[in-house]
Amino acid sequence: MSACVPARADSARTKHVHPPHSPPPHGPRRFRVAGAHVSAAIAVFLIALPLSLGIALATGAPLQAGLVAAAVGGIVAGRIGGCPLQVSGPAAGLTVVTADLIQHYGWRTTCAITVFAGIAQLGLGCLRVARSALAVSPAIVHGMLAGIGVTIAVAQLHIVLGGTPQSSVPDNLVALPAQLANLHPADLAVSVLTLTLLLLWPRIPGRAGQALGKLPAALIAVAGATAVAALTGLRLPKVDLPSWSSHALASLPDGPVLGLVAAVLTTTLVCSVQSLLGAVAVDKLVAARPSLTGRVKRSDLDRELLGQGAANIVSGSLGGLPIAGVAVRSSANVAAGAVSRSSTMLHGVLVVIAALLMVPALELIPLASLAALVMAVGLKMVSLNHIRTVTRHREVLVYAVTTCGVVFLGVLEGVALGIAVAVGVALHRLTRTRITHDETEGVHHVHVRGQLTFLAVPRLSRVLHQVPHGADAVVELDGSFMDHAAYETLQDWQKTHTAQGGSVDITGRRPGTRISEPAEEDGCRCRPWTPWRNHQCERPPTAPPRGTAGRSATDGSPAGNLGTSTGPNTPGTRDATGATGGSGAPDAPTGHELARGISAFHRNTGPLMRRELARLAREGQQPSQLFLTCADSRVVTSMITSSGPGDLFVVRNVGNFVPLPGEESGDDSVAAAIEYAVDVLKVRSITVCGHSGCGAMQALLAAEPGGAHTPLQRWLRHGLPSLERALPDVDVDVDLNEQEQKRGAGRARPRLAGRGAADTAERLCLANVVQQLEHLRAHDSVARALGAGDLELHGMYFHVGEAQSYLLSEDAEGSVFELVRETNLTA
């Protein structure tokens, strides 16, 4: 396993810094076919075959065009694209666009439009603008897909009933009553059977369901309906695949120039956005599978555009449908255990073989069965989860307008309407600022909720002037943006109010930002994680403070609030305890530091976290990890893991030990925490975290033989197995200092990737993490969860001085801790 080095500018080994979604280029790799590749390719092929035919049927294109697009998407996009595990091919999201193009321009011109769309994608990929496509609001994308899904479902419903769809959703809705009055029982029966199998196949209970569930429901539904239709002798329209010799290819476009340009832009937009969003979704699927982390690189979105463009050029030239990344096939590819692009390419090869050798079998498939399959896919595109998400984020209007626009006007028109509404909603939110004023116990509170722009200055000024002269005021800024006009208004009022004998305390979201007198511009810049003793935000008092006890009018805070200005007769500072002085002073009482920290939390962090903490209080704790680490004060778990309330169930003790169960000197508190986390909280992983400069490890090295008399010494005996692992030739009952020359023999010791351990203490820290993971496996609750596949164990080493973390992995030489680099993180 290669050593990891930090992705930073001062690293001697790092030559280029690549942005996220843009991994460094690598040399060509040979196409290798392993067992995992074959099984994943077969799973994707079984899904792609019926869906490709169904999408071709829904667009009105030759059915062979779906097979061409599936093969080209697998081979060309799979080989060139920047997302190794994304499967490309004819997508349901392109159905409406392609059907409209075929109706207006004919099939050959549609193929030419596909070629030009591919060329446009190549140009966008060369310009490296792929990430800008992600700036489109998710509500617009989900609304576009929902509108396309409704259009597909309504159109295919006519084929399910034995009729022919019309050209638009309104026409299909108008013709639906007549179609219901003249339905064909055979087509309807086959369609109902297809939908029934599609719905019930994944829900077969028991072991039989687990075994049969490995076969895709789409294949079973179409195959079952085909078999029943063949055995019962039903007479109904079936798949008709003409000879490949008569397959229609692309020709020069024929039509108005502006219309053709609009068609190319629409195809390019839909193909690109769907493919890029699909690549990001695949990254998330990979990140959710720890077995793939580190083996599958993050998506290079610009390269993915190039791959999609090349695939569309080839597909259009060969008479295939437009190509985009397909979520259903990509999800199946990841779930089947694919680890490289080989499975994607192999699935394309299997489609080619099927198209050449399985034509007689494919021609037995009833068109009504394919229509029912595609109708189900269209209905799934209207996701209730997406609707709940956009509702929660107050973007349901954007979603609804985009959906209706796509259904009744077209894809390009619907997306344009959605963008216009999204811009309008953003402007409305920017200008909608609530400013309120109230008085509590003699203190006037001005609460500003929303963004402070010049449009809100008149209201802000009017409310501020409602505060009486000389009064104590608190201005609460509950927003993330303030323009220059609002800043000057607030600052001028603050200067005037303090000059008239009043006091002002301004709090808000942005740490390190102040609105204060010019002489105070060098005020508090401390962060919430700044240690108390390092705060430089206060000056020693020179006069008794003014004001009532219990009211805060501080000049700064540990959380770096937006600033505080006191009256002209208040040179000192005063906190919630009534004490004065700098928290950074060596003789500052610890109670004062604690009270100042709590006061800063109540003033700055508490208001922002109150809603989230209230939700956690209602729902109870549901942590995803048990994090077992040392009690060392320098190891701040939430900071080094970027976690928040409710994420980690933390157990801390001296040395991050996990005593073996049943030991005479065992510790039930650690075992109880492990049992509670695994059996009650159902955590999905346990992490044992050691750190550099661990006092417990140093004490273990310096311990005298047989000296376990104090509670600390008895506790450190749990580290003796770690000492034996780190120093295998050392007799733990003799003086360790006499054995320095015997170290290094025996089994391979855990190590850091890229460098050796700095000293014996660091070597012992690494070995201790590995040893405690072994102790974890001896606990019954952990062993059961590991056996059921519900739990994972991780080792971690945090270097305090370097502020860098290493994660434990295994290679041919044993346990190795690899530095976590930014390029290994997934979005």
Side-chain angles (χ1 to χ4, degrees), residues 432-452 456-480 482 486-487 489-511 513-517 523-524 528 544-570 572-580 592 594-615 617:
R432 186 187 179 192
T433 305
R434 293 182 59 191
I435 305 175
T436 59
H437 167 246
D438 60 80
E439 180 184 355
T440 305
E441 297 181 356
V443 179
H444 292 261
H445 294 266
V446 176
H447 188 191
V448 181
R449 177 169 297 179
Q451 316 310 320
L452 266 180
V457 165
R459 282 178 290 156
L460 175 64
S461 179
R462 182 171 59 253
V463 173
L464 289 176
H465 283 83
Q466 294 176 6
V467 179
H469 298 320
D472 301 324
V474 177
V475 180
E476 303 174 15
L477 303 178
D478 188 8
S480 59
M482 179 192 303
Y487 174 86
T489 299
L490 192 54
Q491 187 183 50
D492 292 343
W493 173 82
Q494 183 184 27
K495 292 178 181 179
T496 303
H497 190 74
T498 54
Q500 294 172 346
S503 67
V504 179
D505 184 6
I506 300 180
T507 64
R509 288 179 178 268
R510 302 179 64 187
T513 305
R514 292 173 55 85
I515 299 177
S516 57
E517 300 289 337
C524 180
R546 165 191 174 277
T548 59
R551 176 180 56 81
S552 174
T554 58
D555 181 55
S557 73
N561 58 304
L562 274 170
T564 306
S565 176
T566 59
N569 299 323
T570 316
T573 59
R574 188 178 188 90
D575 72 353
T577 66
T580 60
H592 168 78
L594 180 63
R596 276 192 58 80
I598 296 173
S599 175
F601 171 80
H602 288 166
R603 182 172 55 253
N604 301 303
T605 308
L608 306 181
M609 292 297 301
R610 189 167 292 120
R611 181 177 298 178
E612 178 67 13
L613 290 175
R615 182 186 65 81

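Keep in mind that what you see is a predicted model, and the values were worked out from it rather than measured.
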- Work out which heavy atom in Arg462 is nearest to a heavy atom in Arg459; give both atom names and the distance. NH2-CG, 3.1 Å
- Nearest heavy-atom contact between His497 and Ala473 is NE2-CB, 4.3 Å
- All heavy atoms of Leu460 vs all of Ala486, minimum pair found to be CD2-O, 4.3 Å
- Message: Are the side chains of Ile506 and Leu490 in contact, using a 4.5 Å heavy-atom criterion?
- Response: yes
- Step by step, would you call Val475 with Asp505 a side-chain contact (heavy atoms from CB on, under 4.5 Å)? CA-CA 6 Å; Val475 180; Asp505 184 6; over 6 Å; no
- Message: Within the 4.5 Å heavy-atom criterion, are Leu452 and Leu477 side-chain neighbours or not?
- Response: yes
- His469: side-chain hydrogen bond (donor to acceptor under 3.5 Å, both in side chains) partners, not counting sequence neighbours: Gln500
If you look only at distance, which donor and acceptor atoms sit under 3.5 Å apart when one is on a side chain in residues 433-442 and the other is two or more places apart or in another chain?
{"residue": "Thr433", "atom": "OG1", "partner": "Gln451", "partner atom": "O", "Å": "2.6"}
{"residue": "His437", "atom": "NE2", "partner": "His444", "partner atom": "ND1", "Å": "3.0"}

- Task: May I ask you to decide if Ser461's main-chain N or O and Trp493's side chain share a donor-acceptor pair within less than 3.5 Å?
- Result: no
